[in-house]
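Order of listing sets the numbers, starting from 1, for every ligand and every atom in it.
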Amino acid sequence: MKIGFIGLGIMGKPMAKNLLRAGHQLTVFDIVKDAMNDVVAAGAAAAASAKDAALSSEYIITMLPNSPHVKTAVLGENGALQGARRGCALIDMSSIAPGASQEIAAECAKAGVRMLDAPVSGGEPKAIDGTLSIMAGGDKDLFESVKDNILLKMGASAVYCGGIGAGNTTKLANQIIVACNIAALAEALTLAKKAGVDPGRVFEAIKGGLAGSTVMNAKTPMMLSGDFKPGFRIDLHIKDLANALETGHSAASPLPLTSSVMEMFHALRASGAGQDDHSALAKYYEKLSGVKIS
Ligand code: NAD
């Protein structure tokens, strides 16, 4: 299939490469020209704009940082919608505000373009090996038609969650659970250290019990070694929690835990740690308590 792929960052690049490996014809665009080099070397054609990438495509995939970037790339001057033919489809795989997905879908509908919001969970390693978890909202027939040929070439699972925006609402739920888990982990390991118990022993002892989790297994070793190389950056998690708070407040769904962790992330960003992995929540607790987990 002919696919226009827009946004070739940490996630977009390996996802695009997996689509090439699956035999799709890709035309790619990123505002940073060098970001396209690897994917072009792997067989994609380079476009001069998002509009250009959409011109001959049956499907347009976007993998961009946040709502304003997707609006610019799709609806803006030289955006994908200016090049898209009636009947083609947009699959936005960025993590953005569900309300923004709905606004973009409404504009797409006017141009005869169907849309899915289909954000992912799993990070760069799973983007590379094509085992992302994909959560989708929007046109159900479109979802069924792209599930096997496109989505499952980038992911190990693709679940239809509901109407347009439901994919991003699901992603916000994921990001709330991850953030609160990491904060609880940092709080608990700091307590252990402060009370004189080796945090590494605590991890060994409890990881197989009810408190054990994928988050615990992935993030405890980072806290124990004090290595906060991303992974998933605090700045991106702040973006997701801002979208969660906005969505929660407009749906009259208070998010007290999310608000607390958001302030911790902001304190870390203010101290210069915005580019650290989100497991650097450990640093916040280390500062509060005066001990180091590592
Ligand atoms: P990134 O910043 O590495 O890549 C984004 C790319 O988009 C960049 O190359 C940038 O130049 C390009 N871009 C920005 N505006 C553009 C525009 N108007 N037109 C064309 N290109 C444009 O981000 P990423 O880590 O790849 O994340 C992408 C999305 O996936 C985000 O919404 C993020 O929250 C989500 N996500 C990231 C991870 C992760 O671990 N990095 C995991 C799951 C989901």
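- Counting only distance, with no hydrogens or angles, the side chain of Asp139 and the backbone of Asp141 share a donor-acceptor pair below 3.5 Å.
- Looking only at atom types and distance, the side chain of Asn168 has no donor-acceptor partner in the side chain of Asn243 under 3.5 Å away.
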Side-chain atoms of residues 56-65: list all donor-acceptor pairs with protein atoms under 3.5 Å, sequence neighbours left out, distances to 0.1 Å.
{"unit_1": "Ser57", "atom_1": "OG", "unit_2": "Gly4", "atom_2": "N", "d": "3.1"}
{"unit_1": "Ser57", "atom_1": "OG", "unit_2": "Ala53", "atom_2": "O", "d": "2.8"}
{"unit_1": "Glu58", "atom_1": "OE1", "unit_2": "Lys2", "atom_2": "N", "d": "2.7"}
{"unit_1": "Thr62", "atom_1": "OG1", "unit_2": "Asp92", "atom_2": "OD1", "d": "2.7"}

Under 3.5 Å, N/O to N/O: give me all the pairs between ligand 1 and the protein, one per line with atom names and distance.
{"unit_1": "ligand 1", "atom_1": "3 (O)", "unit_2": "Ile10", "atom_2": "N", "d": "2.9"}
{"unit_1": "ligand 1", "atom_1": "9 (O)", "unit_2": "Asp30", "atom_2": "OD1", "d": "3.4"}
{"unit_1": "ligand 1", "atom_1": "9 (O)", "unit_2": "Asp30", "atom_2": "OD2", "d": "2.6"}
{"unit_1": "ligand 1", "atom_1": "11 (O)", "unit_2": "Asp30", "atom_2": "OD1", "d": "2.6"}
{"unit_1": "ligand 1", "atom_1": "21 (N)", "unit_2": "Ile31", "atom_2": "N", "d": "3.4"}
{"unit_1": "ligand 1", "atom_1": "26 (O)", "unit_2": "Ile10", "atom_2": "N", "d": "3.3"}
{"unit_1": "ligand 1", "atom_1": "26 (O)", "unit_2": "Met11", "atom_2": "N", "d": "2.9"}
{"unit_1": "ligand 1", "atom_1": "32 (O)", "unit_2": "Leu64", "atom_2": "O", "d": "3.1"}
{"unit_1": "ligand 1", "atom_1": "32 (O)", "unit_2": "Pro65", "atom_2": "O", "d": "2.8"}
{"unit_1": "ligand 1", "atom_1": "32 (O)", "unit_2": "Ser95", "atom_2": "N", "d": "3.0"}
{"unit_1": "ligand 1", "atom_1": "32 (O)", "unit_2": "Lys239", "atom_2": "NZ", "d": "3.2"}
{"unit_1": "ligand 1", "atom_1": "34 (O)", "unit_2": "Lys239", "atom_2": "NZ", "d": "2.8"}

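- A salt bridge links Glu107 with Lys110: the closest approach of a Lys/Arg side-chain nitrogen to an acidic carboxylate oxygen falls below 4.0 angstrom.
- Residue pairs meeting the salt bridge (charged side-chain N to carboxylate O under 4.0 Å, His left out) criterion with at least one member in residues 163-180, sequence neighbours excluded, do not occur.
- Sorted by first then second residue, the ring pair (Phe, Tyr, Trp, His ring centres under 6.0 Å) pairs that include residues 147-188, not counting sequence neighbours, are Phe143-Tyr160.
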